[in-house]
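Remarks on the structure that follows.
So you know, we letter chains A, B, ... as the sequences are listed, proteins then strands, and number each from 1. All values derive from a computational prediction rather than experimental measurement.
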Amino acid sequence: TQLLEQSPQFLSIQEGENLTVYCNSSSVFSSLQWYRQEPGEGPVLLVTVVTGGEVKKLKRLTFQFGDARKDSSLHITAAQPGDTGLYLCAGAEDSDFGNEKLTFGTGTRLTIIP
Amino acid sequence: KAGVTQTPRYLIKTRGQQVTLSCSPISGHRSVSWYQQTPGQGLQFLFEYFSETQRNKGNFPGRFSGRQFSNSRSEMNVSTLELGDSALYLCASGRASYEQYFGPGTRLTVT
């Protein structure tokens with residue numbers, strides 16, 4: 001069973017500050033996804049990264065997939081209260097295309113203080 | 001396009017009972033996965049169905065089962081409920097296993 005460790009587990013910062021969340025594993029993934037979950041709702045897919053070293057930007061959010069496809073980071077610039085939520089990474093195991101099983105990380109609970 | 005819907009949203013059961021949860025995927029999605037989310041264990045994969053066949057299975061006891069119908073709607077069943085089964089049960093659909101669009105979940109409380 002592949003494990004995905006996220007750090008930090010909890011993060012509370014002031015509005016306007018920058019932050020980085022990490023997702024690490026000893027296993028290689030064919031792709032990695034980031035989700036945000038708000039209370040009472042299911043996770044919402046933010047981005048999928050596929051190529052080692054890939055960087056994707058979504059407004060103030062920057063996602064990077066490690067060169068070896070074992071780790072990823074999420075950087076938020078000028079955090080806003082609307083960024084508050086549980087951030088989850090999920091890795092797809094290397095297997096037959098379309099039949100990958102997702103393993104979710106331990107989660108980072110982010111709170112942005114106005 | 002309507003999102004993934006799950007019913008019921010909230011459920012209270014007592015130990016020893018069984019429960020059935022329902023999930024309607026996004027139209028056109030043939031893959032439906034189920035997850036259990038708890039504060040202590042996080043989001044854990046239960047099983048995935050694709051075209052009415054179970055394609056992947058997580059490490060849960062046999063009390064947890066599921067099925068998928070020809071219209072891609074899915075149900076999961078938990079028999080002989082235990083206190084530890086209290087959790088948010090999430091359903092996700094997609095065109096493939098790695099593509100997951102989640103529903104709002106069913107909050108199950110076992111007393």
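In the hydrophobic cluster analysis, where Ile, Leu, Val, Met, Phe, Trp and Tyr join through side-chain heavy atoms closer than 4.5 angstrom, A:Leu61 is grouped together with A:Val21. Note: the hydrophobic cluster containing A:Val49 also contains A:Leu58 (ILVMFWY, side chain heavy atoms under 4.5 Å, direct or indirect links).
Atoms CG and CG, from A:Leu4 and B:Leu43 in turn, are 11.5 Å apart once rounded to the nearest 0.5 Å. Rounding to the nearest 0.5 Å gives a distance of 6.0 Å between OH of B:Tyr101 and CG of A:Leu45.
With hydrogens and angles left out, the side-chain atoms of B:Gln100 and A:Gln33 include no donor and acceptor closer than 3.5 Å.
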Stepwise, does the side chain to side chain contact (heavy atoms under 4.5 Å, CB included) test hold for A:Leu86 with B:Gln37? CA-CA 12 Å; A:Leu86 177 67; B:Gln37 187 175 35; 3.8 Å; yes
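No more than 12 heavy-atom neighbours from other residues, nucleotides or ligands sit within 6.0 angstrom of CD1 on B:Ile12. Around atom NZ of B:Lys57, more than 12 heavy atoms belonging to other residues, nucleotides or ligands sit under 6.0 Å away. Applying the 6.0 Å contact sphere to CD of A:Gln14 captures more than 12 heavy atoms from other residues, nucleotides or ligands. With a 6.0 Å radius and a threshold of 12 heavy atoms from other residues, nucleotides or ligands, B:Arg63 has its CZ atom above the threshold.
Residue contact with chain A, scored on non-hydrogen atoms closer than 4.5 Å, involves the side chain of B:Arg9 exclusively. Using a 4.5 Å cut-off between heavy atoms, B:Leu90 contacts chain A through its side chain alone, with no backbone atom that close.
Ring to ring, B:Tyr35 and A:Phe104 are close: their centroids are under 6.0 angstrom apart.
With contacts defined as side-chain heavy-atom distances shorter than 4.5 Å, the pair B:Leu88/A:Glu41 does not qualify.
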